[in-house]
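Notes follow once the structure below has been shown.
The analysis underlying the following values was restricted to heavy atoms, covering all of them including side chains, and did not include hydrogens, waters or symmetry mates.
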Amino acid sequence: MPELPEVETTRRGLAPHLVGRRVDKLIVRQPRLRWPIAPELIALLPGQRVDDIERRAKYLLVHTQAGSALLHLGMSGSLRVLPETTPVGSHDHIDWRLDSGQVLRYTDPRRFGSQLWQNAGEIHPLLAGLGPEPLGDDFDGDYLWHLSRERKTAVKLLLMDQKIVVGVGNIYAAEALFAAGIHPSRAAGQVSRARYAVLAVAVKQILAYAIGRGGTTLRDFISPDGQPGYFEQELFVYGRSGQPCRKCATPVKVITLGQRSTFFCPRCQH
DNA sequence: ACTTTAGCCTGTCGGC
DNA sequence: TGCCGACAGGCTAAAG
């Protein structure tokens with residue numbers, strides 16, 4: 001489900017309720033997620049106070065003195081801070097009981113998310129190989145252009161490769177390529193330096209805009225305060241197969257790339 | 001070194 | 001109404 005803007009929206013919503021609070025107890029109803037919940041997290045987190053919440057790629061890092069919990073929402077996960085007495089639903093897999101009398105509740109129907117642990121001063125293997133943040137200064141057109149030389153993979157797959165750049169998922173990849181006028185299946189090595197410059201700017205603009213709007217609502221994204229996102233009605237191509245392109249009225253097409261639906265305008269994108 | 005594929009899960013939706 | 005397949009926002013590991 002969530003891409004970078006949704007994770008960032010979640011971070012901002014959780015921070016006021018979590019930072020400075022002590023985690024008193026974990027209640028694990030379902031340990032089997034994308035990876036089993038880390039035993040170290042179960043052992044070390046109770047009693048710890050939350051110093052800070054950071055986002056890296058689509059991971060939330062909940063920092064404590066003992067180390068950091070790494071939370072990933074997968075495709076269908078959400079995190080909310082609720083009163084302890086809130087009834088438990090069938091997909092409410094893990095609660096962190098806080099000293100505020102509230103719980104941080106992790107809900108995830110498809111269980112593609114994860115709760116992992118990183119000791120203080122160490123870097124979890126899953127974070128070690130990640131590419132730069134798309135909103136950072138080290139991500140720009142020249143970076144993409146240099147990495148893409150000789151590569152035959154579709155430019156959309158390059159953009160979604162977390163080793164190249166993190167946080168760009170299926171929706172925002174489609175939207176950024178539309179904004180840049182680049183066909184999603186074009187070979188990455190065949191995109192010019194100038195067009196990568198446009199693409200990198202488009203990625204930054206779209207992500208920043210989506211964060212400002214509270215993320216996308218496609219099925220079930222809910223921010224920690226219960227508000228849905230409002231980006232959905234502003235999508236140009238994603239999910240609009242057969243509908244007129246918002247720029248030129250040509251019907252939007254859908255193809256499959258890397259087992260994912262890929263929407264584009266056959267007239268605006270080359 | 002790069003590219004492609006399978007798979008982790010459950011819920012929902014459209015077609016028959 | 002019910003059954004069945006296709007599909008869903010992510011990502012890794014393994015195979016090619």
Pairwise 5' ranking along DNA chain B for Gln259(A) and Glu150(A), keeping only the more 5' one: Glu150(A)
Spacing between Arg260(A) atom CZ and dA6(C) atom P, to the nearest angstrom: 18 Å
Short side-chain N/O contact from His72(A) to OP1 or OP2 of dC11(C), under 4.0 Å: yes
Distance-only polar pair, side chains of Gln115(A) and Trp96(A), donor-acceptor under 3.5 Å: yes
Interatomic distance where CG belongs to Asp161(A) and C1' belongs to dA13(C) [whole Å]: 14 Å
Closest listed nucleotide, where the reference is the side chain of Ser261(A) and the choices are dT12(C), dC7(C), dG11(B): dC7(C)
Interatomic distance, His93(A) atom NE2 to Arg105(A) atom CZ [nearest 0.5 angstrom]: 12.0 Å
Side-chain-base donor-acceptor pair under 3.5 Å for Arg110(A) and dC9(B): yes
Rounded distance (Å) that lies between atom C1' of dG10(C) and atom CG of Leu116(A): 14 Å
Derivation and outcome, side-chain hydrogen bond (donor to acceptor under 3.5 Å, both in side chains), residues Arg213(A) and Tyr209(A): CA-CA 6 Å; Arg213(A) 302 302 302 269; Tyr209(A) 182 75; 2.7 Å; yes
Intra- and interstrand pairs of DNA chain B - dot-bracket, Watson-Crick/G-U under 3.5 Å, | marks other strand: .|||||||.|||||||
Whole-Å gap separating P (dG10(C)) and OH (Tyr172(A)): 10 Å
Check: residues 179-188 of chain A side-chain donor-acceptor pairs under 3.5 Å, at least two apart:
residue, atom, partner, partner atom, Å
His183(A), ND1, Ser185(A), N, 3.2
His183(A), ND1, Ser185(A), OG, 2.9
Arg186(A), NE, His270(A), O, 3.3
Arg186(A), NH1, Gln190(A), O, 3.2

dA6(C) to dA6(B) separation - P atoms, rounded to the nearest Å: 14 Å
Separation between CD1 of Ile164(A) and OH of Tyr143(A), rounded to the nearest 0.5 Å: 5.5 Å
Heavy atoms from other residues, nucleotides or ligands near CD of Glu54(A) exceed 12 (cutoff 6.0 Å): yes
Integer-rounded Å distance: dG10(C) C1' and Leu257(A) CG: 16 Å
Sugar-phosphate, base or nothing in reach of Arg151(A), heavy atoms under 4.0 Å: sugar-phosphate
5' precedence on DNA chain C between Trp35(A) and Phe263(A) (nearest-nucleotide basis): Phe263(A)
N/O (side chain, His91(A)) to phosphate O (OP1/OP2, dG11(B)) under 4.0 Å: yes
DNA chain B-proximal residues of residues 27-34 of chain A, any heavy atom under 4.0 Å: Arg32(A), Arg34(A)
Residues His63(A), Ser68(A); criterion side-chain hydrogen bond (donor to acceptor under 3.5 Å, both in side chains); working and verdict: CA-CA 4 Å; His63(A) 296 302; Ser68(A) 305; 2.6 Å; yes
Within 6.0 Å of CG in Asp137(A), more than 12 heavy atoms from elsewhere: no
Distance in angstrom units between Asp108(A) CG and dC11(C) P, rounded: 13 Å
Of the listed nucleotides dG10(C), dC9(B), dA8(C), the one nearest the side chain of Glu3(A): dG10(C)
Lys204(A), NZ atom: more than 12 neighbouring heavy atoms under 6.0 Å: yes
dA1(B) versus dC11(C) - spacing of their P atoms, nearest Å: 24 Å
Side chain of Gln162(A) - closest among dA8(C), dC11(C), dC9(B): dC11(C)
dC11(C) phosphate, OP1 or OP2, under 4.0 Å from Lys58(A) side-chain N/O: yes
Whole angstrom value for the distance that separates P of dC9(B) from NE2 of His93(A): 11 Å
Cation over ring face, Lys156(A) and Phe264(A), 6.0 Å, 45°: no
Nearest-angstrom distance, P atom, dA14(C) to dC9(B): 16 Å
Toward the 5' end of DNA chain B, by each residue's nearest nucleotide, Phe112(A) or Ser90(A): Phe112(A)
Lys152(A) atom NZ, over 12 foreign heavy atoms within 6.0 Å: no
Length of the CD1-P vector between Ile171(A) and dG10(C), whole Å: 7 Å
